[in-house]
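Throughout, protein chains are lettered first and strands after them, A, B, ... in sequence-line order, and every chain is numbered starting at 1. Owing to the predicted nature of the structure, the values given are computational and were not obtained by experimental measurement.
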Amino acid sequence: MSWDCSELSEAARLIGDLLSAPGREPEAEPAADPQGAHLGAAPTRQSHPLPSPEEEALSVSPFRGDRLEALLEGLCRRAGFMGAVVADESGLPLAATETPVDPNRVAAFSAVLGQALDKAESLLGGHLADNVSVDFNYTDKLVLRHFTMDTTSLFLAVICPQEVDERGEIELTMEQIAVLLSSA
Amino acid sequence: MGRVITVASAKGGVGKTTTVLNLGFELGRFAGRVLLVDADPQAGLASASNLRATNPEGLLDLVLGRSDAERVVTSTRDPGLSLVGFGAPEDADLAAYDRCATSGAISSALRELATGFDYVIADAPAGVGSITRALLEGSDGLLIPVQARSLAVKTLPGMLRLLRSVRAGKNPALELAGVVITMLDYVSNAEYEISRSIRDVLPEGALLRTAIPRNEQFERASMEALPVALLSDAQRASKAYLELAMELKSREMSSQLAGKEGDGELGLF
């Protein structure tokens, strides 16, 4: 049974109106009032900020691989990762940024670790075992996140310092990859 | 300049301050430098923010011209999170603060504070009054927390009308960052029914997927003046705000992608 509430319907209508009349850049900032004068003029909003490298790639390239690489470069820049690779379950790299080791090796290693994740699920009863982190020297680690697109198994592997909490950025980027691949 | 999001609701007691604090804390973990701004004269935010030191100066002093942006920003023990408290008002100050709402000083202050941060999250007083309007005039997005209770839901149109009015006036770029259900009691049949109705009736994309559960750990965190994530046994409560932060960030990134393909579309949706 659904709750019938006229205010909720009105809220839905108002949001619908907002959708049909999208926001736009202000034509001019309001003049600073004497009481606000100590703050100086209101900062001017940039209507066309300089694009970041990944935005540039997204706008320039129609190719999915370029877009994926732009996403990964953005991930590494934001999160301070040293490299990132998206690979399929056979170890084929679909996209990669510059990494401290050959991205082909990272992709191949992803496939190997991916099989270990599968085994962890079946042998150890670990439900939804979908990520693994491996410290490969005293300071850095490789984190592998498994995800599926429809029925295709994919891996996102990142190389980052051991002290970094990488989970949030990885989850976000995974969603972006899913959006990008599903819209292609 | 960072993205300014005002958390506002026409009804009080729906979890605005809790949302500002915990959402800000979680965004600070992965999305850059976050500044929380307490614009509510009740000044509940500073008392729960894990501050390194108390600061008697706040937003009030900034908008009244008694201080500057550098002095009112206080760092917390969390490296990604800073705070501007409300300040310590005398009676006459509150009337002056109200007057600043119409002068443009509050919205200008928000924009000034946003320099140097990736996100500014402002805690608005309850209601759709002049202070909330002023905050929205200086914001990029409005996040509306709503309880799955009839009285709270009935106040939604008022806040949306205010958004529409601000967009039609001084801030055409203002967007609805989303509606988030807070303090949800999963075992209450009435709340379940209302939350399902909200989900069914609001247009797709308006309601955030993440709902914040009712959890006494939020009260305990408040008692200890901490974001809930810093309690040792509050993983479930803090996870909800981590998911909310990730959902908002993900939407922002999606809208940036979509914006490249179809300029002119409303950013959030």
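Judged purely by atom type and a 3.5 angstrom limit, A/E175 has no side-chain atom pairing as donor or acceptor with the backbone of B/S250.
Your options are A/D165, A/T173, A/L8, and the one with the most heavy-atom pairs under 4.5 Å with chain B is A/L8. Here B/L202 is the residue among B/L202, B/D118, B/V179 with the most heavy-atom pairs under 4.5 Å with chain A.
Atom CG in A/L172 sits 13.0 Å away from atom CZ in B/R251 (nearest 0.5 Å). Distance check: A/D17 CG to B/R167 CZ gives 10.0 Å after rounding to the nearest 0.5 Å. Of the inter-residue distances, the one linking B/L156 atom CG with A/S9 atom OG reads 11.5 Å to the nearest 0.5 angstrom. Atom-to-atom distance recorded for A/E10:CD and B/K154:NZ is 11.5 Å, nearest 0.5 angstrom. To the nearest 0.5 angstrom, B/L176 atom CG is 7.0 Å from A/L18 atom CG. Atoms CD and CG, on A/E171 and B/L242 in that order, are 9.0 Å from each other to the nearest 0.5 Å.
The 12-atom threshold is exceeded at CD of A/E163, counting heavy atoms of other residues, nucleotides or ligands nearer than 6.0 Å. Other residues, nucleotides and ligands contribute more than 12 heavy atoms inside 6.0 Å of the CZ atom of B/F30. For A/F136, the CZ atom is densely surrounded, since the number of other residues' heavy atoms within 6.0 Å is greater than 12. Within 6.0 Å of the CZ atom in A/R13, the count of heavy atoms belonging to other residues, nucleotides or ligands exceeds 12. Atom CG of A/D135 has more than 12 neighbouring heavy atoms from other residues, nucleotides or ligands inside a 6.0 Å radius. When the shell of 6.0 Å around NZ of B/K239 is examined, it contains 12 or fewer heavy atoms from other residues, nucleotides or ligands.
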Give the C-alpha distance, both sets of side-chain angles, the deciding distance and a yes or no for side chain to side chain contact (heavy atoms under 4.5 Å, CB included) between A/R78 and B/M253. CA-CA 12 Å; A/R78 281 193 315 273; B/M253 292 164 76; 3.4 Å; yes
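Heavy atoms closer than 4.5 Å to chain A are found in both the backbone and the side chain of B/S150.
Of all non-hydrogen atoms in A/G16 and B/P203, the two that sit nearest each other are N-CG, 4.2 Å.
With contacts defined as side-chain heavy-atom distances shorter than 4.5 Å, the pair B/R29/A/R167 qualifies.
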